[in-house]
K.L.:
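Encoded as structure tokens, here's the structure I'll be asking about.
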Amino acid sequence: MRNTPKLAAGVAAAALVMSGAGIALGTAPAAADSPSCVRTQHVDYNPGISSFWITHTYDKSIDVASAAPGTLVTYKLVVGTTSIGNPYVNRITDFAPPGFGKPVKTVVTAYHAAQGEQAAEVTPEPDAGGWMVTSTGWFVNSGYPVTAEFTYKVPNSVSDGQTVLSGGMSVGGTVGSGSDQPNMGVCFTGRGANPGEALLGSLDQGGLGSSQNQLSSTGSVTDTIANVIKRLMGS
């Protein structure tokens, strides 16, 4: 690949044109939450007679209401407790929508003694049709939940206006904290790519973009073009 000022200047010129187009065309409106398409789910879970006074909480959410093929979406899974118990969680599994590939990035935020909450990128592994992160034990109490964020690339099979529903989540850990929650699916609406996303996607297909196709799910033309120019200049 040759990174030339002429090529960068051409992309910058395209940015001006598309910025104007963005004013006229904009991006697809965000999909409103409805009973059949929600972006957040919450479950209070009581393990039963083994620890009847303990309540664990599970949350799953998605960071955008709409997304185009090739952009990135992030599912956030949070495991907590509202009780006095201090469970240890050793596995969190996310079930993405059908057709999604391996997460391109997974980050776990958990409490560590003498350090407080720390975020770390981890490598997910396959688990019964989902993707899991594991640990010898993440400490959880009423003030410190453990959070796992799974970022995926939206596949090309997603069409404009399509409702894309994920699966739920599953948790493993000390007695009472583990639970399968298959009905905690959240969704977004598929949309067409905006001008900046379309340009970056074309560059990616030509070998000029990112291998992970780091497109903005928010559809920001300015951010997208800035990223294109940086890549073309080799920065």
Side-chain angles (χ1 to χ4, degrees), residues 38-45 47 51 54-64 67 71-98 100-155 164-188 210-218:
V38 297
R39 291 176 56 195
T40 63
Q41 290 270 27
H42 174 86
V43 168
D44 290 323
Y45 173 70
S51 50
I54 298 295
T55 298
H56 299 303
T57 60
Y58 305 119
D59 291 272
K60 180 170 180 175
S61 61
I62 184 172
D63 63 335
V64 295
T71 63
L72 303 181
V73 296
T74 298
Y75 295 90
K76 179 187 288 188
L77 281 58
V78 183
V79 182
T81 181
T82 59
S83 306
I84 60 173
N86 298 322
Y88 281 85
V89 172
N90 57 34
R91 175 186 56 81
I92 301 175
T93 300
D94 178 54
F95 295 93
F100 277 50
K102 181 178 180 179
V104 299
K105 183 178 182 180
T106 309
V107 176
V108 173
T109 302
Y111 176 83
H112 297 268
Q115 300 179 58
E117 288 187 311
Q118 300 289 318
E121 189 167 344
V122 298
T123 301
E125 299 293 337
D127 179 34
W131 293 95
M132 69 176 178
V133 290
T134 60
S135 169
T136 54
W138 293 296
F139 172 81
V140 175
N141 67 17
S142 58
Y144 294 104
V146 59
T147 299
E149 296 176 273
F150 296 81
T151 298
Y152 302 87
K153 180 179 177 180
V154 178
V164 183
L165 178 66
S166 77
M169 60 185 286
S170 177
V171 179
T174 52
V175 176
S177 62
S179 175
D180 294 327
Q181 299 291 337
N183 297 320
M184 291 186 66
V186 294
C187 80
F188 68 91
S210 164
S211 62
Q212 293 182 354
N213 209 358
Q214 301 281 351
L215 307 184
S216 168
S217 292
T218 60

K.L.:
About how many Å separate OG1 of Thr109 and CH2 of Trp138, when rounded to the nearest 0.5 Å?
P.N.:
10.5 Å

K.L.:
Only one of Val133, Thr134, Val171, Val108 forms a side-chain contact (heavy atoms from CB on, under 4.5 Å) with Val89, so which one is it?
P.N.:
Val171

K.L.:
Could you check whether any side-chain N or O of Thr81 sits under 3.5 Å from a backbone N or O of His56, counting only pairs where one atom can act as donor and the other as acceptor?
P.N.:
no

K.L.:
Find out whether Glu149 and Pro103 are in side-chain contact, i.e. whether some heavy atom of one side chain is under 4.5 Å from a heavy atom of the other.
P.N.:
no

K.L.:
How long is the span from the CZ atom in Phe150 to the OG1 atom in Thr106, to the nearest 0.5 Å?
P.N.:
5.5 Å

K.L.:
Can you check side-chain contact (heavy atoms from CB on, under 4.5 Å) on Asp63 and Lys76, steps first, answer last?
P.N.:
CA-CA 8 Å; Asp63 63 335; Lys76 179 187 288 188; over 6 Å; no

K.L.:
Check ring-ring contact (aromatic ring centres under 6.0 Å, His included) between Tyr152 and all other residues, then give those that pass, not counting sequence neighbours.
P.N.:
Tyr75, Phe100

K.L.:
Of all heavy-atom pairs between Met184 and Gln41, which one has the smallest distance, and what is that distance?
P.N.:
CE-O, 3.5 Å

K.L.:
As an exercise, state the distance from CG of Leu165 to CD1 of Ile62, rounded to the nearest 0.5 Å.
P.N.:
10.0 Å

K.L.:
Do Lys60 side-chain atoms and Gly168 backbone N/O form a donor-acceptor pair below 3.5 Å?
P.N.:
yes

K.L.:
Does Asn141 reach the main-chain N or O of Tyr144 with its side chain, forming a donor-acceptor pair under 3.5 Å?
P.N.:
yes

K.L.:
Applying the side-chain contact (heavy atoms from CB on, under 4.5 Å) test to Met169, which of Asp180, Val78, Val79 qualifies?
P.N.:
Val79

K.L.:
When rounded to the nearest 0.5 angstrom, what distance separates OG1 in Thr74 from NZ in Lys105?
P.N.:
8.5 Å

K.L.:
Can you give me the closest heavy-atom contact between Val43 and Gln181, atom names plus distance?
P.N.:
CG1-OE1, 3.8 Å

K.L.:
Taking atom OG1 of Thr93 and atom CG of Leu77, what is their separation to the nearest 0.5 Å?
P.N.:
9.0 Å

K.L.:
I'd like to know if the side chain of Thr40 reaches the main chain of Ser61, judged simply by a donor and an acceptor atom lying under 3.5 Å from each other, with no hydrogens or angles considered.
P.N.:
no

K.L.:
To the nearest 0.5 Å, how far apart are NZ in Lys102 and NZ in Lys153?
P.N.:
15.5 Å

K.L.:
So which heavy atom on Phe95 is nearest to which on Ser170, and how close?
P.N.:
CE1-CB, 4.0 Å

